[in-house]
Amino acid sequence: MGESPLAAGSLSAALVQLNADYARAIDDDRLEDWPDFFTESCLYTITSADNHRQGLPLGVVYADGKAMVRDRVTALRRANIYERQTYRHVVGLPAILGETEAGLRTETPFLVVRIMRDGRMDLFATGRYVDLLLEEAGALRFRERLVVCDSNRIDTLLAIPL
Amino acid sequence: MGESPLAAGSLSAALVQLNADYARAIDDDRLEDWPDFFTESCLYTITSADNHRQGLPLGVVYADGKAMVRDRVTALRRANIYERQTYRHVVGLPAILGETEAGLRTETPFLVVRIMRDGRMDLFATGRYVDLLLEEAGALRFRERLVVCDSNRIDTLLAIPL
Amino acid sequence: MGESPLAAGSLSAALVQLNADYARAIDDDRLEDWPDFFTESCLYTITSADNHRQGLPLGVVYADGKAMVRDRVTALRRANIYERQTYRHVVGLPAILGETEAGLRTETPFLVVRIMRDGRMDLFATGRYVDLLLEEAGALRFRERLVVCDSNRIDTLLAIPL
């Protein structure tokens, strides 16, 4: 990775595709596809920049392992008795931080807009994905995806994955 | 396409360049360059996510063939008697969905900010481009670009292409 | 550059990485790393689209040479006696305009969200980076980065680099 131009172009392309597919699954309301972006043993959290900086392990959302990620989808489907708002992820350019034995470290900024049923739009969240990636069956998967929101005011009723 | 890392990196780069160039032509007010992003036989529509989901064919904007795309530019130039607002497209990461005989299917999210003459900015539109791409004379062109807006409240006086 | 698919994919990847790293250095408050994205002889300005169109050379921020870029960081650190707001750059897709003897011309749109201490978020700035890039010690660096803001209402007390 990074040794040759070929690898650089190809890895960059794979990162773009992974992040684009992930956001699309959520925004298209295909939540059942969402767990498949993670490895079996995985960590998914939503936390604030302040908490992340202080090393606090727990976020407002916490899933340890793919089964817990799937449980979250089930819970969201059950809870969603009201007509949904929709969301639009605009994911920025991914940065490759480096590769260790644990996997590939990357960070990617995001912005999410919420669209109300009456057509109003507002900025819902901004932040960055702090990721640890592994290759599994020829595809990049998240071993860790820490969703670090810039604002401390995270809606604890967060209806959707970020 | 997609068979080798080389092709993956190169195609991803071409998609990034196409989407960046398209947005730049509009935001720079070079509308006369805009039709050249399409193939001679093409479809360009602006519609809402609700309409798109229900398979309604007509959007608030509809152009069937490059000549109609050009007509739209002429109409916009004639109508634009007031000092323009400006717009900023922020295009997210393109996702490659697959290739068929008809061409290459991709989807790309977008966000458009409107900037008023007095400096105020607001979120104007979010959504996704649902594209069918063909290679023509060595460059990627839109056979179809369906602009699917997240909000149902689409300004029918839309001053600019999205 | 651009002659082979290999070069295209690799250059695109390098541009994505450069822009992602640049934004991350600012948003992570690692301002001391920011000058290293520039070549020794360089130009960094923040200006408005109107001023840029009229060819006015001076922006609200102007740094001619890496030493002035460093000075700006020192000034910012000294001035920053109040608890900072934070910012989130969402950088769009980079467009490659061409290569001359002077370097590589690219343009990249951006959007910056400001996050207040109480959690409120607002659109702070949108615009485009008009860049001239050189390769230095194997890495792309900015010979020129003209930050062209869409709005004329640029905060002259701009707390952060854009």
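It should be emphasised that the depicted structure is a prediction, and the values quoted were computed from it without experimental measurement. In what follows, chains are A, B, ... by sequence order, proteins preceding strands, each numbered from 1.
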Where is the tightest heavy-atom contact between A:Val16 and B:Pro94, given as atom of each residue plus distance?
CG1-O, 3.7 Å
B:Leu93 side, atom CG; A:Leu93 side, atom CG - distance, nearest 0.5 Å
6.5 Å
Is A:Asp122 close to chain B through its backbone or its side chain, or both, or neither, when contacts mean heavy atoms under 4.5 Å?
backbone
Are B:Asp50 and A:Arg117 within salt-bridge range, i.e. N to O under 4.0 Å?
yes
Output for pair (A:Leu15 CG, B:Ser12 OG), nearest 0.5 Å, gives 10.0 Å
Below 4.5 Å from any heavy atom of chain B, which atoms of A:Leu18 appear? Answer side chain, backbone, both or neither.
neither
With side chain to side chain contact (heavy atoms under 4.5 Å, CB included) as the criterion, how do B:Arg128 and A:Arg24 come out once you've worked through the C-alpha distance, each side chain's angles and the decisive distance to 0.1 Å?
CA-CA 9 Å; B:Arg128 61 197 161 107; A:Arg24 233 162 46 80; 5.8 Å; no
Check step by step if side chain to side chain contact (heavy atoms under 4.5 Å, CB included) holds for A:Met121 and B:Arg153.
CA-CA 10 Å; A:Met121 291 176 283; B:Arg153 204 161 60 176; over 6 Å; no
A:Arg88/B:Leu111 under side chain to side chain contact (heavy atoms under 4.5 Å, CB included): CA gap, chis, key distance, verdict
CA-CA 9 Å; A:Arg88 174 62 53 197; B:Leu111 174 159; over 6 Å; no
Given a strict heavy-atom distance threshold of 4.5 Å, which part of B:Ala125 is in contact with chain A: side chain, backbone, both, or neither?
backbone
B:Ser151 side-chain N/O to A:Gly119 backbone N/O, donor-acceptor pair under 3.5 Å
yes
Step by step, work out the side chain to side chain contact (heavy atoms under 4.5 Å, CB included) result for A:Val90 and B:Thr126.
CA-CA 9 Å; A:Val90 179; B:Thr126 63; 5.9 Å; no
